[in-house]
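Just below is one structure, and these are the notes that go with it.
So that the names make sense, note that chain A is the first sequence line, chain B the second, and so on, each numbered from 1.
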There are 2 protein chains.
Amino acid sequence: MSEAARILPNLPKIASARPQSLPYEPVCALFRRYLHGSNLKFTPERAMILDAVLRQTGLFEAERLVGELQKLGHRVSRATAYRTLAHLQDAGILKQVFFDNKQSYYEVIAGRQTYDYLICVATGKVIEFSSDKLRKLRDEICREHGFEPLSHQFHIFGLSPESQNTAQPAPTDVERDPVGAPTKD
Amino acid sequence: MSEAARILPNLPKIASARPQSLPYEPVCALFRRYLHGSNLKFTPERAMILDAVLRQTGLFEAERLVGELQKLGHRVSRATAYRTLAHLQDAGILKQVFFDNKQSYYEVIAGRQTYDYLICVATGKVIEFSSDKLRKLRDEICREHGFEPLSHQFHIFGLSPESQNTAQPAPTDVERDPVGAPTKD
DNA sequence: CTGATTGCAAACACTTTGCAGCAGA
DNA sequence: TCTGCTGCAAAGTGTTTGCAATCAG
């Protein structure tokens, strides 16, 4: 039970307020340019995967991608999917996101702003948000350290509004050491 | 090569400015209180693991913990280490951190402020920092979403001062699509 | 005493990789 | 034609789990 607070429950249901999908053309052109510049080839498999990727709203996992492609009757192996996801990252189209130690999640970043996430440890629900203040703070922190930022990940784990109703922490879960608890943070 | 920008190189070398170690007594008491309250037992193995955990500075992996314990002649199985790490999280003593899809990292949070990280994608070096502004911004964002924050993770991936000298991006790495690149972020 | 704990080894799940045949450019 | 690409199945690896013996309270 208390496990829920530690490990993110399975596939997150993303609450997305972002545009449904992105125009395929420009991103595809970007990908082809990247492939060409790296002596790689633009194959039907890669095209299908990019297509499926752009159809995603919010975070998604490799598994979902493969599943959707198979459902469409397309025959793409896991290996190719993973290999292509890597290329898409190098091309600056995708960003890999780490929420848990089970699997990687991916987020499309090409041509759109990036998002950060609020993760409900009770329900596993993931809420996206985008904050300019955060980006500014990030740059400020980097400046202080002479660091050149390339990307970032900001995950807030907590309780969503819905899950807060259901009483305190949890029924069967013994009181979470109310005393001496670390500075909640 | 460009992989370096995607996957965090092995075990990070933490640049830590935090106090070397934490007094064992109070944290141990906290742990015992938690165990007692959950009908769990305080065993020698758990004591040794907690001890090793508190000896860590900055982030560490399960592997390192087991290694250090064995080096000290203590006989603790991986299974027990992982099981205890889970309990330590539930007790609010540890926080699990996700940097990559290879393994989990852990950070002691009991009685100290938490940290966030700057990760150099070129060298794998990890620099800790702590920011009140970030905590405030986090709370502000949560308030806007009716979310109750429990913990967070903020990772900034980029280039450390040292790695910036060595020319542009990388020698063999073809130009990273200068055109149409996503809003670096 | 009794239920929780431990170590071991097997199981797991996501991801990566070797290889032989296939196919962009 | 010359590389790079694909699928498959096997290998990898961090983490979890079943189980019988052991131990804390």
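Straight-line distance from the CG atom of A:Leu88 to the P atom of D:dC5: 13 Å, rounded to whole Å. B:Gln103 places its CD atom 18 Å from the P atom of C:dC14, with the value rounded to the nearest Å. Computed from coordinates, the A:Tyr82 OH to D:dT13 C1' distance equals 14 Å when rounded to whole Å. One interatomic measurement links the two molecules: CG of A:Asn101 to C1' of C:dC12, which rounds to 13 Å at whole-angstrom precision. The CD-C1' distance, from A:Gln96 to C:dT15, rounds to 10 Å in whole Å. Rounded to an integer number of Å, the gap from A:Met48 CE to C:dA23 C1' is 14 Å. What separates CZ of B:Arg32 from C1' of D:dA24 is a distance of 11 Å, to the nearest Å. In this structure, the CD atom of A:Gln89 is 11 Å from the P atom of C:dT15, given to the nearest Å.
Listed for the B:Thr84 side chain is a donor-acceptor partner under 3.5 Å among the backbone atoms of B:Thr80.
Residues A:His155 and A:Asp116 form no side-chain contact, since every pair of their non-hydrogen atoms from C-beta on lies 4.5 Å or further apart. A 4.5 Å side-chain heavy-atom check between A:Leu118 and A:Glu128 finds every atom pair outside the cut-off.
The only option from B:Tyr117, B:Phe154, B:Tyr106 that meets the ring-ring contact (aromatic ring centres under 6.0 Å, His included) definition with B:Phe99 turns out to be B:Tyr117.
Under the 3.5 Å distance criterion, with hydrogens and angles disregarded, no donor-acceptor pair is assigned to the side chains of A:Glu107 and A:Gln56.
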Problem set entry | Trace of the side chain to side chain donor-acceptor pair (under 3.5 Å) decision for B:Arg135 with B:Ser130 | CA-CA 9 Å; B:Arg135 279 182 279 271; B:Ser130 194; 3.1 Å; yes

For this session: Summarise protein proximity over nucleotides 3-8 of chain C in one line of letters, 5' to 3': B for base, S for sugar-phosphate only, - for none, counting protein heavy atoms closer than 4.0 Å.
Result: BSSBBB

